[in-house]
2 protein chains.
Amino acid sequence: MYSCRMAKSPSGTKGVPREEREAQILDIATEELGMHGYAHTSLTVVAQRAGISKPLIYMYFDSKDGLYLACLERAGDQIVEAVTAVQNGVALTRALDTVAAIFATLEPRRQDWAVLWDETLPPGSTVREAALQYRRKLIDLGSVGTHELLAARDNHDDLDASMMTEIWLNTVTTVVRWWLDHPEQDAATMTARCARLLAALQAG
Amino acid sequence: MYSCRMAKSPSGTKGVPREEREAQILDIATEELGMHGYAHTSLTVVAQRAGISKPLIYMYFDSKDGLYLACLERAGDQIVEAVTAVQNGVALTRALDTVAAIFATLEPRRQDWAVLWDETLPPGSTVREAALQYRRKLIDLGSVGTHELLAARDNHDDLDASMMTEIWLNTVTTVVRWWLDHPEQDAATMTARCARLLAALQAG
DNA sequence: CACGGAACTGATTCCTGGGTAAGTTACCCA
DNA sequence: TGGGTAACTTACCCAGGAATCAGTTCCGTG
């Protein structure tokens with residue numbers, strides 16, 4: 001008999017090494033999670049899209065949570081690293097640098113941000129806690145910027161800073177979501193657009 | 001026998017007229033939906049919190065969708081009306097007026113905005129479509145403002161305006177969520193805080 | 001005082017989706 | 001050439017939550 005390929009029997013190996021299969025699953029899962037959110041993502045669909053069966057996913061990722069966490073870690077680590085590397089400019093310039101870095105990092109897989117900022121994670125779940133920890137890192141980075149900006153205006157209200165930090169990160173989230181809805185736009189265009197809008201807001 | 005109250009038998013009327021009961025259910029449901037989102041709200045919990053049984057909810061609201069839609073309509077109508085009534089100032093003043101109106105309207109039931117902006121609505125569902133229609137109205141109102149603001153800066157890019165409108169509404173959402181996390185703040189304080197932050201951003 | 005309707009419930013059904021048990025195929029190597 | 005292992009599958013279980021059935025109690029009214 002020839003090796004495989006002949007679709008003779010459904011069971012048995014297809015010759016795809018674990019590592020490769022894992023990467024494939026991860027990519028598809030990220031897309032599904034990014035589009036529909038954790039709550040509305042079904043592993044059955046992920047398996048179908050990957051052309052495999054559900055148990056294989058469980059074999060490699062243990063559970064739905066495990067799969068989400070794998071997507072989250074890949075996304076979170078990459079984003080946090082990229083953003084951290086760019087925190088040196090001053091005030092609003094730094095903000096622009098940050099979004100530029102985010103767009104660049106996200107270019108190959110834009111859904112990563114949506115996975116990180118998934119709003120459908122079950123309240124009190126471990127997946128939510130895990131996502132919050134990654135977000136926390138970004139919040140801490142952003143917090144430096146907002147405190148700085150407000151201090152320069154003689155505003156030292158911590159609650160003001162807290163709210164502004166929240167606004168900042170949700171603005172990034174919104175912009176990335178808008179990007180997902182406009183797939184034809186590239187990273188550079190997005191960065192330029194953000195710069196324009198920021199300037200427009202400032203030109204009081 | 002005395003009328004009710006005696007907890008003798010579980011079945012039978014408790015003497016609460018339908019209208020009153022409906023209002024009570026609506027309030028509790030709005031809280032649950034606002035806190036956990038549609039996807040993670042269970043009617044069993046709503047019933048328990050109201051001290052009634054699940055079938056009564058179905059009797060009055062037909063389905064989970066029906067209950068959500070009732071909450072949505074009450075919230076949406078009120079918010080849209082309040083915001084519409086305040087669209088007369090110019091540019092950023094109008095933005096401030098709008099958030100002030102929103103805070104004032106939301107004061108008695110802050111979760112209303114979270115119901116309207118629920119991120120856990122199932123993709124493609126009728127509830128989502130309904131919510132989107134209400135959001136659309138707010139987006140159209142906001143759109144006028146952003147186009148105006150950008151035009152004043154000689155920017156006539158529709159995509160810029162589209163993104164900025166999105167940012168605007170998500171900022172409102174973020175601010176209201178922050179408010180939910182800081183229950184001790186009142187509407188007036190929130191308005192003042194927003195004014196301060198806007199000024200800080202502009203003072204380039 | 002019967003009776004119709006309004007307010008309500010316990011128990012059940014049904015279905016979706018996460019998770020598992022047990023078995024199948026192919027390849028590698030002693 | 002026969003085990004051992006890696007890569008798979010079919011068929012199933014089961015919890016939880018939406019939705020429903022078949023009533024029960026109470027009150028107003030002719």
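All values below come from the heavy atoms of this structure, side chains included, with hydrogens, waters and symmetry mates left out. To find a chain, count down the sequence lines: A is the first, B the second, and so on, and within it residues start at 1.
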Exercise. Contact class for B:Leu56 vs. all strands (heavy atom < 4.0 Å): base, sugar-phosphate, or nothing?
Worked result: base

For this session: Look at all strands and tell whether A:Phe61 reaches a base, only sugar-phosphate, or nothing, counting heavy atoms closer than 4.0 Å.
Result: nothing

Problem set entry | Closest contact, heavy atoms only, A:Cys71 versus A:Leu26 | SG-O, 3.8 Å

Exercise. For C:dT9, does OP1 or OP2 lie under 4.0 Å from any side-chain N or O of B:Ser53?
Worked result: yes

Exercise. When you measure from the side chain of A:Pro17, which nucleotide among C:dC8, D:dA7, D:dA18 comes out closest?
Worked result: D:dA7

Exercise. Of all the choices, D:dA19, D:dA7, C:dA7, which nucleotide is nearest to the side chain of B:Lys54 once you look at every atom?
Worked result: D:dA19

For this session: Consider the side chain of A:Lys64, meaning its heavy atoms from C-beta on, and name the nucleotide among D:dC8, C:dG18, D:dA18 that approaches it most closely.
Result: C:dG18

Problem set entry | Interatomic distance where CD belongs to A:Gln24 and C1' belongs to D:dC8 [whole Å] | 13 Å

Exercise. From the list C:dC8, C:dT25, D:dA18, which nucleotide is the closest neighbour of the side chain of A:Thr13?
Worked result: C:dT25

Exercise. Any side-chain donor-acceptor pair under 3.5 Å between A:Gln24 and A:Arg21?
Worked result: yes

For this session: May I ask you to evaluate whether B:Arg21 reaches the phosphate of C:dC8, defined as a side-chain N or O under 4.0 Å from OP1 or OP2?
Result: yes

Exercise. How close or far is atom P of D:dG17 from atom CG of B:Leu33, stated in whole angstroms?
Worked result: 15 Å

Exercise. The side chain of A:Pro55 lies closest to which of these nucleotides: C:dG18, D:dT10, D:dT20?
Worked result: D:dT10

Seminar exercise, completed: Rounding to 0.5 Å, atoms OG1 (B:Thr171) and CE (A:Met163) come to a distance of 9.5 Å

Exercise. Can you tell me how far C1' of C:dG18 sits from CE of A:Met59, to the nearest Å?
Worked result: 16 Å

For this session: Check whether any side-chain nitrogen or oxygen of A:Tyr58 sits under 4.0 Å from OP1 or OP2 of C:dA21, and answer yes or no.
Result: no

Problem set entry | Atom-pair distance (CD1 on A:Ile57; P on C:dT20), nearest Å | 14 Å

Seminar exercise, completed: Rounded to whole Å, the CG-P distance (A:Leu43 to C:dT16) equals 16 Å

Exercise. Is it true that atom CD of B:Glu19 has more than 12 heavy atoms of other residues, nucleotides or ligands lying nearer than 6.0 Å?
Worked result: no

